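Worksheet for the structure shown next.
Order of the sequence lines sets the chain letters (A, B, ...), proteins ahead of strands, with each chain counted from 1. Since we're looking at a predicted model, the values are computed, not measured.
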Protein chains: 2
Amino acid sequence: MTVSRALSDHPNVRPDTRKAVQDHARKVGYVKNAAAKAMRGDGTKIVGLLLPNIVNEFYARFANTLAQSCEDLSLHLIIHLTNDDPETELRAFERLHEVQAMSVIHVPAPGAVRNVSAHLNGVNVIQLIREQNMGQPVSSILVEDHRAIGEAVQHLAGLGHQSIGYIGADERLSSGRARRAAFEAGLASAGLARDDRLITLGAPDFSTGQRNAARLLATGNVTAIVCGGFEISNGVLSVFLEADQDVVQGMGFVGYGDPSYYAWLGGGVSTIAMQVDELAQEAARLAACPAEEQPVNRRAFEASFVARNTHLAPMRGGG
Amino acid sequence: MTVSRALSDHPNVRPDTRKAVQDHARKVGYVKNAAAKAMRGDGTKIVGLLLPNIVNEFYARFANTLAQSCEDLSLHLIIHLTNDDPETELRAFERLHEVQAMSVIHVPAPGAVRNVSAHLNGVNVIQLIREQNMGQPVSSILVEDHRAIGEAVQHLAGLGHQSIGYIGADERLSSGRARRAAFEAGLASAGLARDDRLITLGAPDFSTGQRNAARLLATGNVTAIVCGGFEISNGVLSVFLEADQDVVQGMGFVGYGDPSYYAWLGGGVSTIAMQVDELAQEAARLAACPAEEQPVNRRAFEASFVARNTHLAPMRGGG
DNA sequence: GTGAAAGCGCTAACAA
DNA sequence: TTGTTAGCGCTTTCAC
């Protein structure tokens, strides 16, 4: 059809014909059928995003910026929540395979490698935050937080803390391993001895933060806590904010991630902050190219330590 | 092909053949091509979600719960951010038309009706929070906040406030009109006179909240502020939290929406809370049916007034 | 500069 | 119970 050529801006169409066709298409709201294009093998412009959840402000901001970039690049963004569950993650990959997603950006769930590889043919896979073997080469966008975590520990040490606890993700996550190592390196460079009883690990979720914070506070032999995860940080913080004032009096706290309200809570929460928007833009950049044209890529963005009121002010009502 | 029948659980296939086919499909990770299904006219299982943004915790929680429901219902959720801009919204509808979305859930952007109707053929449209004429029958899921806003005003009046300001969305939004009316009704039932200078309206965004809060505080003749929008509430709150202590001393504040941290800020922020999860589940329920089988539906969920420390405690650092 | 044919993966309808 | 045909909307190839 000449119509098809006109709509695709092909040169071999009389200019007036082309214009007439295009104008009419716009008038009647015609758009090309993506399914038909996909079936011919033209690719889909679909980007999948797999996140543990989208309520945590870090993930929300990432998704927000990514979605903006996708609008600009005319990509379709399909979101799947994994709850950090490998089974759910597998199903998400399956669904994205059905619609022939061009790229998938994902925060790998903890746990063993499952048979996802069957769903990854020709898919441009981009890992975020964490790295996990997928049985095929993948790109990754990481956060380099070694230095920032070290600074956090030294900051606490400088305030006189000698018993600093750590709550983070366990060894099933690459990020869990790296952050724990960074914490221990920080202790060493601050001249503090490591006490394994003060290092508590678990799944990267809110309840791990809650549970371990309560446990560390209960022992009474910890004077500060450093967090190694977004959800964990929120969980720990919830315990601090709801604890009796005399229990947390003088306790040091360093969160992970920097949601907007951390600056407002308890006089300002010290934290490890990352360049969310830059992460998301890089992700969009990588996701925009089909797998075959996209060389595998590995890039890390440096995190920073934000010092605020490391000792949370107790909350008090105003009336 | 017998294979197709086997995979579709068609009865006319020898049971052992069927099982063999299904097992093999699972083993090699075969999934049906959604594009081919769509091209036959079988529909797409794609649900579009159009939100102003996804960082605001109300929208984030809505999207989160909706995404969960979509996983359960095997629907694909495509997210588009509109920034409350009609042009961007129009482009999003266009993109969803391309992929033949089955349903679109959207928070209508303020402004005139544009020619979206061309992109809505056979689409199950579900409006959220706000209502706007789309030139065709649509379902809507609303928040009934008249009573809650009235309670908020009466609560403030009960605390002795006589000059209560209001910051909300303007008349371009159905929700803006309704909430303003609810505020005025609240004043009336509290026996307070309406002062139009204390009622400030604008776009439903953060800066509207910031700007008008600063303005109302500067005039000095307002002792409390009620917010009529999610983003607006956050904007107003940011001004309160960053203002000099003596300026906001004794000021009353009622926010809109109930993000998790409102309970922690300044001793607890009083607010209008809504049943986010219920809204999202209802949205998923409506979105799961194709347009032709879905009778148009209009449902409202009651909001509630949550009284906390209506007078924000000033923030102070702890060390 | 324009049209005709073919095929992408799938399933409803019909034929065997 | 299984196989064949046809067509969904699009673009590439080839013919005119």
| query | Can a salt bridge be assigned to the pair A/Arg130 and A/Asp84 using a cut-off of 4.0 Å between side-chain N and carboxylate O? | reply | yes
Regarding B/Arg95 and B/Glu98, does a basic nitrogen lie under 4.0 Å from an acidic carboxylate oxygen?
yes
_A/Asp72 side chain to A/Ser69 side chain, donor-acceptor N/O pair below 3.5 angstrom_ = no
- Any side-chain donor paired with an acceptor under 3.5 Å for A/Asn234 and A/Glu57?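 Result is no, nothing qualifies.
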Query raised in the report: So how far off straight is the helix from C/dG1-D/dC16 to C/dA16-D/dT1, going by the axes through five pairs at either end, to 10°?
Result: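 Roughly 50° between the end axes, to the nearest 10°.
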Counting primed atoms, P, OP1 and OP2 as sugar-phosphate and everything else as base, the B/S/- map of nucleotides 7-16 of chain C against protein heavy atoms under 4.0 Å is BBBBBSB---
Subject >> Plane angle bin for A/Phe58 and A/Phe230 - parallel if under 30°, tilted between 30 and 60°, otherwise perpendicular >> reply: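 Correct class here is parallel.
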Per the side-chain contact (heavy atoms from CB on, under 4.5 Å) rule, which among B/Ile79, B/Thr88, B/Leu81, B/Val104 passes with B/Leu50?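 That would be B/Val104.
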query: Which one of B/Leu49, B/Ile126, B/Val125 satisfies the side-chain contact (heavy atoms from CB on, under 4.5 Å) criterion with B/His106?
result: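 Passing option: B/Val125.
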Check whether any side-chain nitrogen or oxygen of B/Thr2 sits under 4.0 Å from OP1 or OP2 of D/dG3, and answer yes or no. yes
Query - B/Thr17 side-chain N/O to D/dT1 phosphate OP1/OP2 under 4.0 Å - result: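 Negative; the distance criterion is not met.
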With side chain to side chain donor-acceptor pair (under 3.5 Å) as the rule and sequence neighbours excluded, what pairs involving residues 42-54 of chain B come up?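 Residue pairs with at least one partner in residues 42-54 of chain B: B/Arg40-B/Asp42, B/Asn53-B/Glu231.
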